Amino acid sequence: MAIPDIRDVPVAGKRVLVRVDFNVPMQAGKIRDDTRIRAALPTIKDLVDRGAAVILMSHLGRPKSGPDPEFSLARVAERLQQLLGQDVQLAADVVGQAAQAAAKALQPGHVLMLENVRFEPGEEKNNPALARDLASLAGIYVNDAFGAAHRAHASTAGIADYLPSYAGQLMMTEIEALGRLLDGPGRPFVAILGGAKVSDKIAVISHLIERVDALLLGGGMANTFLLATGVEIGQSLAEEDFVAEARQILIRARATGVEIGLPVDVVVSVSLDEPALTTRVDDVDPSEAIYDIGPGTVAGYSEIIAKSKTLFWNGPMGVFERPAFAAGTLGVARAVAESNAYSVVGGGDSVAAIVQSGLAGEISHISTGGGASLEFIEGKELPGIAALAGERKLR
Ligand code: ADP
Ligand code: MG
């Protein structure tokens, strides 16, 4: 699947509409983390430097119906202006008169941002009329919003029916990095999966089990697998409805020779606020819950990680937000950072954990897409990528 790259196209004097993922976490009207804005800078700077008039569009949060100041991109436009070191004009609407006039007047080398695309009800419905209105603002469309590529929305997919469409640099980097995991990865290929819910991860596990040499499990998700092996897990988070599926995956792994890592020791407590205790996994009291993997498990996983050539990690090994239950996640982060493998970390909380550990610089690729990177690894076609690939007749 060849993806056309905007770097190959002359853009001087042209209006280029770029879908970015500026859906940053906000707290009390402030940007809590601007990683997503920084990630789009290479594409924006390149277009500006090459003399394009750059129009940006993004969603932010989930506005319920129409324009809502709480979900305005004003703060994001301000931050982008600081990071770029040049003016960023914010249009008062998405495709209304204000946006149209501003787009028309936009000079080469200048940057305009549309208001939150989700202020338009047609966005999430992938409404063709909205896609056409968006397209009318520019002559070229660029999608650099990998984090929104798993959604078939007007600004991520529909618009490609109306304009010549290309991938931005972040999109290209993500596709190459994640693609490397699915396409002839160096072996052994080891996946480390954790996080809260097995129901969120079962699809990715089912897909990976056919591709990896070892699958190391941790976090709340591992509890359902422990249940499937008949271990007492007390008050631990688990999903009874997925025990049968977990058992099938274990059987499949045995049949195909895939090594499965399950915790041999765990950190338990009667509640998150009570003292933590490390115990053997077959010694969990019915009154306790498992909140982290233990040091023995970290040591075992670290050995497997050290021998790997390709690593994919999604989902913390425990409730890493609490220092008492963060050692498992930190230990695995250290092992991944120390390995010489090609390593990819994806998922909102997993990335937060790796950043918190100060080891982000030792990872080959940190994916900016949470849901999008998981769906990519599941082998699904992402609508935002499919819309860029292949021949299409413009409407
Ligand atoms: P990601 O965002 O990286 O995909 P998830 O959202 O699936 O990861 O999981 C992250 C959450 O899982 C964290 O908030 C963490 O506290 C929680 N978690 C991890 N281990 C456990 C556990 N043993 N019990 C309860 N929650 C857990
Ligand atoms: Mg999460």
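These numbers come from a predicted model, not from an experiment. Note that ligands are numbered from 1 as they come in the structure, with each ligand's atoms numbered from 1 the same way. Residue numbers start at 1 and run along the sequence shown. These numbers come from the heavy atoms of this one structure, side chains and all, not from hydrogens, waters or symmetry mates.
The cluster map of Ile, Leu, Val, Met, Phe, Trp and Tyr, joined by side-chain heavy atoms under 4.5 Å apart, puts Ile192 and Leu262 in different clusters. When the side chains of ILVMFWY residues are joined at heavy-atom separations under 4.5 Å, either directly or via intervening members, Val264 and Phe225 end up in two distinct hydrophobic clusters.
When only modelled atom types and interatomic distance are considered, Glu174 and Ser373 share no side-chain donor-acceptor pair under 3.5 Å. A donor atom on one side chain and an acceptor atom on the other are not found under 3.5 Å apart for Gln86 and His110.
Each of Gly195, Ala196, Lys201, Gly219, Gly220, Leu237, Ile290, Tyr291, Asn314, Gly315, Pro316, Gly318, Val319, Glu321, Gly347, Gly348, Asp349, Ser350 has a non-hydrogen atom positioned under 4.0 Å from some atom of ligand 1.
Listing protein N, O or S atoms at distances below 2.8 Å from the Mg ion (ligand 2), with waters left out, gives Asp349 OD2.
Formation of a donor-acceptor pair under 3.5 Å by the Asp144 side chain with backbone atoms of Met171 is found in this model. In terms of modelled atom types and a separation under 3.5 Å, the side chain of Tyr301 and the main chain of Gly261 share a donor-acceptor contact.
Comment: Lys45 does not engage Asp49 in a salt bridge, judged by the lack of any side-chain N to carboxylate O separation of less than 4.0 angstrom. The existence of a salt bridge linking Arg151 and Glu124 is excluded, since no basic side-chain nitrogen approaches an acidic carboxylate oxygen closer than 4.0 Å.
For the pair Thr278/Val266, no side-chain contact is recorded, criterion being any heavy-atom separation below 4.5 Å from C-beta on.
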